[in-house]
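Here the structure comes first, spelled out in structure tokens, and everything after it is commentary.
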Amino acid sequence: MRSQLNWTNLSRIPVLFALLALFWGTSFVAIEVGLEFFPPVLFAAIRYGAAGAIVLAYAVATVDDPLPRTKNDLLAVATVGTFVIAGYHALLYLGELQVSGAVASVVVSLSPVLTAAFAAPLFVEEHLDRLGVAGLVAGFVGVAVVANPGATSMLSSSVGGLGLVLLGAASFAVGAVLTRAFDAEMPLRALEGWGMLLGSGVLWVVSLVRGESMSAIHWTDTAVFSLVYLTLVSGVVAFLIYFELLSRVGATEINLVGYLEPVVATAMSWLLLGHLVAASTLAGFVAIFAGFALLKHRAVGRFLRSVPLPTPLSNRRY
């Protein structure tokens, strides 16, 4: 897939990665803030209804055929809408009622590890060797460390909330694997747009079943800012950057951005909300990252070799 974007100022892969990590990392904190004013599942439904409409409109304007035409296209849209959008975000938003955005971002960073584990039975090239098994174990050890009930900081976590976020990460991973298995022919941005709209519809249904209501929303300036930021910046703009990166480095390497998101979420949680991070949370994140590095050591090596190093001053020509 060739990118149709022409961003002169965003031509370097490291800059794209940094921006994507910033926009997706801050989304965890924006969700935490917005949950003070919105019912959780309804919050996600509104966000992805708006974001899906914008992404799909962009797809209509930039691709030849944005409609799902084949059975695999329809299955892929259903998978993205059900698992990646609805399942993941419903569980994430409900989980963040009990845990901070920073802690949630650490648990979600397990998604690439889970994706590799779920892909192993379906794809020969994803077979888990000894290092892969060790990586999988390290990832789950990391989540167990984060769930340490002895943690005493302001980010000490509810085990129930962590469980919901972990299930959300698993839903995202299952969706990623199934989407790859269906091998849809439609352009990725169109797939994402339709998936967002379908996922929003599922979230609306879940919200109604939970008894959530628009009348329960408190429309303050902070609430509006949170929703707009999540919809436009963490949603639309971040996904456009994601498409650009996907075309440049591939699906495996782009998972590395998930390990910058907790760093951003933790920093913003401290700067905006004054939250401190427990040492156990940091230790858990290190274990999860080590797990991914073991699972995908070849891909990590390829990515690091692809990042251009700065030219030494003595070698520069002016």
Side-chain angles (χ1 to χ4, degrees), residues 1 3-5 20 23-24 27 30-31 34-35 38-94 108 111 168-169 171-210 212-214 217 223-224 226-244 246 251:
M1 179 183 68
S3 171
Q4 298 185 18
L5 298 179
L20 187 58
F23 296 155
W24 276 354
S27 70
I31 291 169
L35 286 172
F38 292 89
V41 182
L42 181 59
F43 189 13
I46 296 172
R47 172 191 177 185
Y48 278 99
I54 296 171
V55 171
L56 187 57
Y58 176 75
V60 170
T62 57
V63 303
D64 293 332
D65 185 4
L67 295 176
R69 299 290 185 182
T70 67
K71 178 182 178 181
N72 280 355
D73 286 348
L74 293 172
L75 288 172
V77 168
T79 298
V80 170
T82 302
F83 291 99
V84 177
I85 301 299
Y88 167 55
H89 289 92
L91 291 163
L92 173 64
Y93 281 53
L94 289 168
V108 168
S111 290
S171 178
F172 186 96
V174 169
V177 172
L178 290 178
T179 302
R180 177 182 169 189
F182 291 136
D183 193 22
E185 298 177 8
M186 64 188 304
L188 183 57
R189 66 198 67 176
L191 171 61
E192 290 289 347
W194 287 114
M196 285 179 177
L197 289 179
L198 175 61
S200 174
V202 174
L203 287 166
W204 276 101
V205 172
V206 175
S207 175
L208 290 173
V209 171
R210 282 177 44 83
E212 297 178 355
S213 169
M214 292 288 290
I217 299 175
V224 172
S226 173
L227 179 60
V228 170
Y229 183 85
L230 286 168
T231 300
L232 297 182
V233 180
S234 299
V236 176
V237 175
F239 268 104
L240 294 181
I241 295 174
Y242 172 83
F243 298 144
E244 177 76 357
L246 191 65

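On a predicted model such as this, the values are computed, not experimentally measured, just so you know.
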Smallest separation among heavy atoms of [X] and [Y], with atom names:
| X | Y | value |
| --- | --- | --- |
| M196 | V55 | SD-CG2, 4.0 Å |
| L197 | A53 | CD2-N, 3.6 Å |
| A86 | T82 | CB-O, 3.6 Å |
| V77 | P68 | CG2-CB, 4.4 Å |
| S111 | A173 | O-CB, 3.9 Å |
| S207 | V41 | N-CG1, 3.8 Å |

Short side-chain to backbone donor-acceptor contact, [X] and [Y], under 3.5 Å:
| X | Y | value |
| --- | --- | --- |
| S234 | F23 | yes |
| S200 | A45 | yes |
| T62 | Y58 | yes |
| T79 | G175 | no |

Answer whether the closest heavy-atom distance between the side chains of [X] and [Y] falls below 4.5 Å.
| X | Y | answer |
| --- | --- | --- |
| R189 | P66 | no |
| I217 | L42 | yes |
| R210 | P40 | yes |
| Y242 | L188 | yes |
| D65 | M186 | no |
| V80 | L191 | yes |
| R69 | L74 | no |

Practice task
Go through the side-chain N and O atoms of Y93 and R47 and say whether any donor and acceptor fall under 3.5 Å apart.
Solution key: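 Side chains of Y93 and R47: pair found under 3.5 Å.
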
Practice task
Would you sort out whether E185 and N72 count as a side-chain contact (heavy atoms from CB on, under 4.5 Å), showing the intermediate values?
Solution key: CA-CA 8 Å; E185 298 177 8; N72 280 355; over 6 Å; no

So, taking the atom named [atom1] in [X] and the one named [atom2] in [Y], what distance separates them when rounded to the nearest 0.5 Å?
| X | Y | atom1 | atom2 | result |
| --- | --- | --- | --- | --- |
| H89 | L91 | NE2 | CG | 11.0 Å |
| L232 | I54 | CG | CD1 | 5.0 Å |
| I85 | L203 | CD1 | CG | 8.5 Å |
| L240 | L20 | CG | CG | 11.0 Å |

Handout entry: Proximity of Y48 and W204 rings by center, below 6.0 Å
Key =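 No, they do not, as the ring centres are separated by 6.0 Å or more.
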
Handout entry: More than 12 heavy atoms from other groups under 6.0 Å of OH on Y88
Key =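 Yes, because the 6.0 Å sphere around OH of Y88 holds more than 12 heavy atoms from other groups.
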
Problem - Residue W194 excluded, over 12 heavy atoms near CH2 under 6.0 Å - result: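 For W194, atom CH2 is not crowded (no more than 12 foreign heavy atoms under 6.0 Å).
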
Practice task
Please test L92 against I31 for side-chain contact (heavy atoms from CB on, under 4.5 Å), starting from the C-alpha separation and ending with a verdict.
Solution key: CA-CA 9 Å; L92 173 64; I31 291 169; 4.0 Å; yes

Practice task
Can you label the angle between the F43 ring and the F38 ring as parallel, tilted or perpendicular, going by 30° and 60°?
Solution key: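 Aromatic pair F43/F38 classed parallel.
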
